[in-house]
Enquirer: 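The structure's right below; bear with me while I get my questions together.
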Amino acid sequence: ACLLLAMVARVLGKYEEARQYAKQGYACTVRTGDAFIQSYCLREWGMASQLLGDLADAKSRVEASYAIQESLKDRRGMAITLANLGRIALHEGENAKARRCYEQALTICHDLGDDVSLATALEGMGNSARAMGHYGESRRYLREALQISRDRMLPSVLSIFVGIGELFLQTG
C-alpha cells in the first residue's frame, strides 16, 4: 500500500510525501523480508529524491533497487531501474554512463517485447546522444520513441517532445 501511495504522490507532484511513503514501505519490507517489493520501494524512494534534487540519495537508492532486482532476475524491473539510473547519470553530466544504462534497458525491453519501457529507453538514448553531441542519432532515437508512444502513452509523448525541443535548441 505504501508503494502505491508513493507512486500516486509522486505523479501528483508531492515528492516529499512520495519519499516518506516509499521509506515507510521500505521499512515494512525489511521487517517482512519481501525483497521484490523492497526493490520497488527503493526505486520509488530514489525517484522522489531525484525530483527533490537530492541526487546522491537518489543514486544510492536506485542502485540498491537494481542490485535486488538483478539478484531476483526481475528483468522488467531492471529495465525500468536502468532507465532511472540513466536519468540520474544525465543529471550528473555522466553522459557515457547514462548511455550504457539506456543501452542495457533497451536490450532488456527488446527481449521482453515491452513497448512502454522500450519507448522510455529510446527516449533516454536520444537524450544521452544529444548530451554527447550526436544529434542525428538523437533525432533517430527520439523519433522512434515518439512513434511507439504516440497512440497510447500521452505522458511519454509529452516527455519525448521536451527532448525533441532541447535537441532543436541545441542544433538551431
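All values below were derived from every heavy atom in this structure, side-chain atoms included, with hydrogens, water molecules and symmetry-related copies excluded.
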Enquirer: Within a 6.0 Å radius of atom NZ on Lys23, are there more than 12 heavy atoms belonging to other residues, nucleotides or ligands?
Expert: yes
Enquirer: Look up atom CD in Gln147 and atom CG in Asp115, then write down how far apart they are to the nearest 0.5 Å.
Expert: 12.0 Å
Enquirer: Quick one: pull up CG in Leu142 and CZ in Phe168 and give me the separation to the nearest 0.5 Å.
Expert: 9.0 Å
Enquirer: How many angstroms lie between CD in Gln38 and OG1 in Thr32, if you round to the nearest 0.5 Å?
Expert: 8.0 Å
Enquirer: If you apply the rule side chain to side chain contact (heavy atoms under 4.5 Å, CB included), what do you find for Met7 with Leu3, and how did you get there?
Expert: CA-CA 6 Å; Met7 294 168 131; Leu3 174 60; 4.3 Å; yes
Enquirer: Would you compute the distance between atom OH of Tyr15 and atom CG of Asp54 and round it to the nearest 0.5 angstrom?
Expert: 15.0 Å
Enquirer: Calculate, to the nearest 0.5 Å, the distance between atoms CG and CZ belonging to Leu51 and Arg10 respectively.
Expert: 7.0 Å
Enquirer: For the side chain of Ser128 and the backbone of Met125, is there at least one donor-acceptor N/O pair under 3.5 Å apart?
Expert: yes
Enquirer: For Tyr21, is the OH atom crowded, meaning more than 12 foreign heavy atoms sit under 6.0 Å from it?
Expert: no
Enquirer: Under 4.0 Å between a Lys/Arg side-chain N and an Asp/Glu carboxylate O for Arg140 and Glu144?
Expert: no
Enquirer: Once rounded to the nearest 0.5 Å, what's the spacing between atom CZ of Arg75 and atom CG of Asp114?
Expert: 11.5 Å
Enquirer: Check Glu92 with Lys59, please: is the shortest side-chain N to carboxylate O separation under 4.0 Å?
Expert: yes
Enquirer: Distance-only, no hydrogens or angles: does the Ser65 side chain make a donor-acceptor pair with backbone N or O of Arg61 under 3.5 Å?
Expert: no
Enquirer: Would you call Arg19 and Glu16 a salt bridge, taking side-chain N to carboxylate O under 4.0 Å as the test?
Expert: yes
